[in-house]
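One-based numbering along the sequence shown. On a predicted model such as this, the values are computed, not experimentally measured, just so you know.
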Amino acid sequence: MRIVIIGGVAGGMSAATRLRRLDEQAEIVVLEQSGYVSFANCGLPYHIGGVIPERSSLLLQTPTSLGARFRLDVRVNTTATAIDRAAKVVRAHDATTGETTELPYDRLILSPGARPVRPPIPGIERALSLRTVEDTDSIVAAAAGARTAVVIGGGFIGIEMAENLVARGMQVALVEALDQVMAPLDPEMVQPVHAALRAHGVDLRLGAAVTGIGEDTVTLADGTQLPADLAIAAIGVRPHDALAASAGLEVHGRGGIVVDEVNRTSDPDIYAVGDAV
């Protein structure tokens, strides 16, 4: 039995290690697009803020350690580019070597995660998003020497980014299009969150839309220009379902791979887990 898993971190690596415990003989191959297959997602903002000072503390397992402990063939910097369901083959590109290979499978698990929302705001390419260790490195580098920051989006990541940029000693504005941050909370429950943000010096802009991102400013719909040596886009995520859709798997009209109660897709030999479903 050969099982190929596309995507690591929480979904893919949990599936891989559980499968190994269920089957000592299976050949398990994990393809991870980034350079890190197992890391502490929730710790990323706190490394940026210096609460977690050592970058190495974010890294939980490596391809070498996973190979030694679980006999997993983990390939980082490797992107699955196509799925041939008829031949039961995954085509993958290795960014390190430049080689493209074809991997046959008996069962396939999709765990590609989600991608940050990037609305068509002029200058959006200047705003950084936080999803991977590489994103964390980019924000740390960009924050070095920066004094002002604007965080666009008041969800969990946006609030954590605001918190940690304040911890770095920066002047921070948080812009949210709704009338409150943390949309899942009732309006009454979110008031203490607003108060805490303001008490820590965050310039909280609620019910505000961003219309442009410049070299050192972020412009709001009412014409206000906020100083921004650093701009962070934390507007949300969308399921990364393009690979599944291109392979002819059923994808929901609003995004996300359709699965049944055991996470099986419309192909009985392909499963999907995590943010992509």
Check ion pair R131-D135 (N to O, under 4.0 angstrom): no
Any idea which heavy atoms bring G155 and E176 closest together, and the distance? N-OE1, 4.4 Å
Report the distance from atom CG of L44 to atom CD1 of I157, rounding to the nearest 0.5 Å. 8.0 Å
Taking CD in E163 as the centre, count heavy atoms belonging to other residues, nucleotides or ligands within less than 6.0 Å. Is the count above 12? yes
Kindly work out whether a path of hydrophobic side-chain contacts (I/L/V/M/F/W/Y, heavy atoms less than 4.5 Å apart) joins V89 to I270. no
Calculate, to the nearest 0.5 Å, the distance between atoms CD1 and CG belonging to I5 and L108 respectively. 9.0 Å
With a sphere of 6.0 Å drawn around CD of Q171, does it hold more than 12 non-hydrogen atoms of other residues, nucleotides or ligands? no
With clusters defined by side-chain heavy atoms of hydrophobic residues (ILVMFWY) lying less than 4.5 Å apart, directly or transitively, does V140 cluster with V51? yes
To the nearest 0.5 angstrom, please state how far the CD atom of E250 sits from the CD1 atom of I257. 11.0 Å
Pairwise distance OH(Y271) to CD1(I109) - rounded to 0.5 angstrom: 8.5 Å
Might you point out which heavy atoms bring T132 and F39 nearest each other, and give the distance in Å? CA-CZ, 4.1 Å
Does a side-chain N-to-carboxylate-O contact under 4.0 Å join D137 and R55? yes
Can you check whether E24's main-chain N or O pairs, donor with acceptor, with R71's side chain at less than 3.5 Å? yes
Under the 3.5 angstrom rule, does the side chain of D229 hit a backbone N or O of T148 as a donor-acceptor pair? yes
Close side-chain approach of T211 and L220, heavy atoms under 4.5 Å: no
Please indicate whether R147 has more than 12 foreign heavy atoms, meaning atoms of other residues, nucleotides or ligands, lying under 6.0 Å from its CZ. no
So, for A149 and L165, which heavy atoms are closest and what is the spacing to 0.1 Å? CB-CD1, 3.8 Å
Decide yes or no on side chain to side chain contact (heavy atoms under 4.5 Å, CB included) for T78 and T96, but give the supporting numbers first. CA-CA 8 Å; T78 302; T96 303; over 6 Å; no
If two hydrophobic side chains count as joined below 4.5 Å and joins carry through other members, does M170 share a cluster with L174? yes
Assess whether side chain to side chain donor-acceptor pair (under 3.5 Å) is satisfied between T224 and D222, documenting all intermediate values. CA-CA 6 Å; T224 301; D222 64 2; 2.8 Å; yes
Between S65 (side chain) and Q61 (backbone), is there a donor-acceptor pair under 3.5 Å? no
Are R107 and M1 close enough that some pair of their side-chain heavy atoms sits under 4.5 Å apart? yes
Same cluster (ILVMFWY, side-chain, under 4.5 Å), V151 and L206: yes
Can you find a pair of side-chain heavy atoms, one from L31 and one from L103, that are under 4.5 Å apart? yes
Would V150 and I232 count as a side chain to side chain contact (heavy atoms under 4.5 Å, CB included) if you check the C-alpha gap in whole Å, the side-chain angles of each, and the deciding distance to 0.1 Å? CA-CA 6 Å; V150 172; I232 303 292; over 6 Å; no
Hey, mind stepping through F156 and V181 against side chain to side chain contact (heavy atoms under 4.5 Å, CB included) and telling me if it holds? CA-CA 9 Å; F156 292 102; V181 300; over 6 Å; no
Salt-bridged, K88 to D269, with N to O below 4.0 Å? yes
For a 4.5 angstrom cut-off between non-hydrogen side-chain atoms, does V29 reach R75? yes
Kindly indicate whether the side chain of V190, heavy atoms from C-beta on, has any atom under 4.5 Å from the side chain of D186. no
Give a yes or no answer on whether the side chain of D241 reaches the backbone of G256 with a donor-acceptor pair at less than 3.5 Å. yes
Check the side chains of E32 and S34 for a donor-acceptor pair under 3.5 angstrom, ignoring hydrogens and angles. yes
Which heavy atom in S138 sits nearest to a heavy atom in L128, and how many Å separate them? O-CD1, 3.9 Å
Got Q180 and H194 here, is their nearest side-chain heavy-atom distance under 4.5 Å? yes
Does L19 offer a backbone N or O that forms a donor-acceptor pair with the side chain of D23 under 3.5 Å? no
Would you check if L110 and V273 make a side-chain contact, meaning some heavy-atom pair closer than 4.5 Å? no
R20 atom CZ, neighbour heavy-atom count above 12 within 6.0 Å: yes
Begin from the C-alpha positions of V37 and T62 and carry the test side chain to side chain contact (heavy atoms under 4.5 Å, CB included) through to its verdict. CA-CA 7 Å; V37 74; T62 67; over 6 Å; no
I need the M182 CE to I159 CD1 distance, nearest 0.5 Å. 5.0 Å
Could you tell me whether the side chain of H240 and the main chain of G113 form a donor-acceptor pair under 3.5 Å? no
For E102, what residues pass the salt bridge (Lys or Arg N to Asp or Glu O under 4.0 Å) criterion, not counting sequence neighbours? R91
Indicate if I48 and Y36 have the same hydrophobic cluster label, given that clusters are the connected sets of ILVMFWY residues with side-chain heavy-atom separations under 4.5 angstrom. yes
How far apart are the closest heavy atoms of N41 and P45, and which atoms are they? O-CD, 4.0 Å
Identify the heavy atoms of Y105 and R85 that sit nearest to each other, and give their distance. OH-CA, 3.8 Å
Please indicate whether M189 has more than 12 foreign heavy atoms, meaning atoms of other residues, nucleotides or ligands, lying under 6.0 Å from its CE. no
Between atom CD1 of I152 and atom CD1 of I121, what is the distance when rounded to the nearest 0.5 Å? 5.5 Å
Within-4.5 Å side-chain heavy-atom neighbours: V258 and T265: no
